[in-house]
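See below for the structure under consideration.
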Amino acid sequence: MAGPLFDRVLPPEPAATAPGTDSPGPPRDAEAAADPLLADLTPAQREAVTHLDGPMIVVAGPGSGKTRVLTRRVAWLVLRAGVEPWRILAITFTNKAAEEMRARIERLLVAEGAGGAAEGVLVSTFHSFCARMLRRYGPPGRTSDFTIYDTDDQKACLKRVLAELQLDAAQWRPGALLARISEAKNRLLDAEAFAEQAAGWRDEVVARVYRAYEQALAQFNALDFDDLLLKMLALLEREPQVREELRARFRHVLVDEYQDTNRPQYLIANLLAGADGNLFVVGDPDQAIYKWRGADLRNILEFERDHPSAREVRLERNYRSTRAILRAAEGLIEHNRERRARRLFTDNDEGVPLRLVRCLSDEEEARLVADEIAARLEQGGCPARELAVFYRANALSRRFEEELRRRGIPHRVVGAVPFYQRREVKDVLAWLRLLANPDDQQALARVIGLTGNLGAGTLGRLAERAATRGWSVLRTLLEDTAVMEQLRAPQRRALSGLRELLAELRAMPPAPVLPLLQRVLERTGYLEALRGADDPQELARADNVEALLNAAAELDAREPAGGYRALLDQAALWSAVEEDGADGEAVRLMTLHAAKGLEFDEVFIVGFDDRLLPLEREDSACDLEEERRLLYVGLTRARRRVTLTSAMVRRTWGRERTAQPSRFLAELPSEVLERTGTAGLRLAAAPLPQPPPSRSAPPPAAFAARLGELRARAAAVRPGGSTAAELVAGARVRHAVFGEGEVLEVSGSGVGRRVRVRFERIGTKTLVLQYANLERLT
DNA sequence: CCATTCGATGTTTTT
DNA sequence: CATCGAATGG
């Protein structure tokens, strides 16, 4: 049964290829073949995993088992090479990737009875790693209590700066200014250096703003994202003993997604590892999609120049996709000039051609894709979580959400509004922020704004008093008497209430954090106010506040000594809280950027219009090669099928625009492409290729289990949408007609499965789950 | 000081 | 079109 699939994992092909590439071949030696950490790897993967001393670069094509190499390597270092776990630093691009890698490493270690060792390995993003080190050693020019400013904080801060400089925020847009400042920081230009190279009148203004912004951050004891990297860099450069300490500790530095590192990240990694240190980087120049954010392709293209002793391994065998998908992706990417030649290969089946569907309008596009998804789920064999819709810009997601919701198809938009950036979450955290950093004026402004009867006037007085006395804003708030005297009775009362709360919070221990949050909510009535509202949006906010309480409880359990500081760091750095856990049985919607590193059975790339996929902007010329790489990333996420859709008329922000299919269409080899009109998008004529190609070659047992799991999941999905397993008593649901309610009871099984729901508007009703079209609310 | 209303304004991608 | 921000009246 598993035979033919399993054969593909280790194909018996001749091994007449040069070392350093991963053409399939027999195991080098019997010893490796017997090691469960190495047995199922190709020679190239094995070489990467077992590389011991000195720098190494792994250029890993999509679906070539890169994550598997990284995790195996960490396990191998610990279990076979005798490296102490805490000497290993693994850096990923996102927190989500870090968490996933940590989990996978742990599983490998647990399998050999070394589960405890997993704790020691530091798996982190550059930003979290830097924040952690800066907390320990103290960043130059700040204290260890510094606050991390996210994009919103930066904007608010910049607005204050603009007001001080008497610049018009409409003319000098904060977003644009911050982009300039960030760009400068990525190029390692501080305000002075920027001013020196400023050309022209506008740059002079930017320079002034930059300088003032830096002063404000220093005054508030705050660091923005870029500063985390720059301060870490400064620490490593200026403090030899810190550098040596860290170098001595982290004997192995592994960096994932190396093609997307920027200059400061590059320097940090290299300073940590030292010239001939054990720097192990994995990346793929063809998947570099963050140039706009300062990523520097030279970091990966010139790795060998920087590290003459470096060994290179290339992983070019793809385990993921059908031949058709791979050929399409290759055909596309070959049009890039700034690129090293490479050829991917696979043993997988040819599969079915890619579909291009030209829709009449964007509405039709959403409808067709949703119909197709509904049909696929009904057909079985493909669980919802294996379907994904990708788009170039977040703005496109809405229509697809609506259509999926209308059909009761469980779906999730990945990373749209990051959890910790939601207003209600930031509101509640503001009190803790003020506690953590008494100079954080941004937090003070929030707290004041949330306290009844207090507003801009009081804030201004406090800030002024703080400035004249040289006190922190928190101290001014708590102790200054002059401010009190300036205020009228209602404000005075409000202010003393606030004082009491803050004093109480200060008297409480910094950990665990949950009681602190509870006290804030209790004393401010924040949560109650949200709960009491009848606006569903407000209720959703209340749910988010409760989710925050959960996150706090989890943090307390995981890291008992962390306390509110740990929560705040998590909040600032962890923007995409993406729990791909048990409730993950849903179709994924995301931007092409967010898709990096993921894989799905079937992928829909929507909005494949010319001015949208090579995205055209008014002001700046677009980087065609980067756009092409973005599409390349999207195509190579798919295991079995890709559908591209474009619309002849697209309504974007009010007005209609006619559109052409993407110019990239012409770059896809026509023999793997099937063009259809809208009538052609019929599932009956387009089954998924069967059997599916092997998922990136898991061991046989896991593979069989995975198949069983996939089938079980597929069976659980009803045309009506909700997964049977999802609904339990107490869950909140929405019905198209009856509105919102709470599940009281679930009974029966199969098609007879019923659910009793108490609806807010019409009372209790019993529904047949299969037909109820219930939408689960979070 | 606060709530509401109106107007203007702008959309890439994210740590 | 939707959200955000400023202006206005209570």
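Convention: sequence-line order gives letters A, B, ...; per-chain numbering from 1. These numbers were taken from a predicted model, which means no experiment stands behind them.
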d(CD, A:Gln171; C1', B:dG10) in whole Å: 17 Å

Does the cation-pi check pass for A:Arg142 over A:Phe146, that is, NZ or CZ under 6.0 Å from the six-membered ring centre and within 45° of its axis? no

If I take atom CZ in residue A:Arg657 and atom C1' in nucleotide B:dG10, what distance separates them, rounded to the nearest angstrom? 14 Å

Please confirm whether the shortest side-chain N or O distance from A:Ser128 to OP1 or OP2 of B:dT15 is below 4.0 Å. no

Taking 4.0 angstrom as the limit, do A:Asp260 and A:Lys596 come out as a salt bridge? yes

5' priority, DNA chain B, between A:His127 and A:Ile448 [closest heavy atom]: A:Ile448

Which nucleotide in the set B:dC1, B:dT14, B:dT15 lies at the smallest distance from any side-chain heavy atom of A:Ala594? B:dT14

Taking A:Glu214 first and then A:Lys185, would you say they form a salt bridge - that is, a charged N and a carboxylate O separated by under 4.0 Å? yes

OP1 or OP2 of B:dT13 less than 4.0 angstrom from a side-chain nitrogen or oxygen of A:Asn394, does that happen here? yes

Atom-to-atom span, CZ of A:Arg423 to C1' of C:dT3 - whole angstrom: 12 Å

Are any of A:Thr151's side-chain N or O atoms less than 4.0 Å away from OP1 or OP2 of B:dT15? no

Scan for side chain to side chain donor-acceptor pair (under 3.5 Å) pairs involving residues 158-175 of chain A, sequence neighbours excluded, and state none if there are none. A:Arg160-A:Gln441

If you take any heavy atom closer than 4.0 Å to DNA chain B, which residues from residues 280-293 of chain A end up in contact? A:Tyr290, A:Trp292, A:Arg293

Would you kindly give the CG-to-C1' distance between A:Asn453 and C:dG10, to the nearest whole Å? 14 Å

SB check A:Glu402 A:Arg405 (cutoff 4.0 Å): no

Rounded to whole Å, please give me the gap between NZ in A:Lys159 and P in C:dC4. 10 Å

Report the distance from atom CZ of A:Arg651 to atom C1' of C:dA2, rounded to the nearest whole Å. 14 Å

Interatomic distance, A:Asn262 CG vs B:dT13 C1' [rounded to whole Å]: 15 Å

Judged by each residue's nearest nucleotide on DNA chain B, which is more toward the 5′ side, A:Thr451 or A:Glu626? A:Thr451

Interatomic distance, A:Leu573 CG vs B:dT14 P [rounded to whole Å]: 16 Å

Do the side-chain N or O atoms of A:Arg173 get closer than 4.0 angstrom to the phosphate oxygens (OP1, OP2) of B:dT11? yes

Please classify the nucleic acid contact of A:Leu454 as base, sugar-phosphate, or nothing, using heavy-atom distances under 4.0 Å. sugar-phosphate

Results of ring-ring contact (aromatic ring centres under 6.0 Å, His included) for A:Phe608 - residues two or more places apart only: none

When you check the gap from the basic side-chain N to the acidic O, do A:Asp480 and A:Arg465 get nearer than 4.0 Å? yes

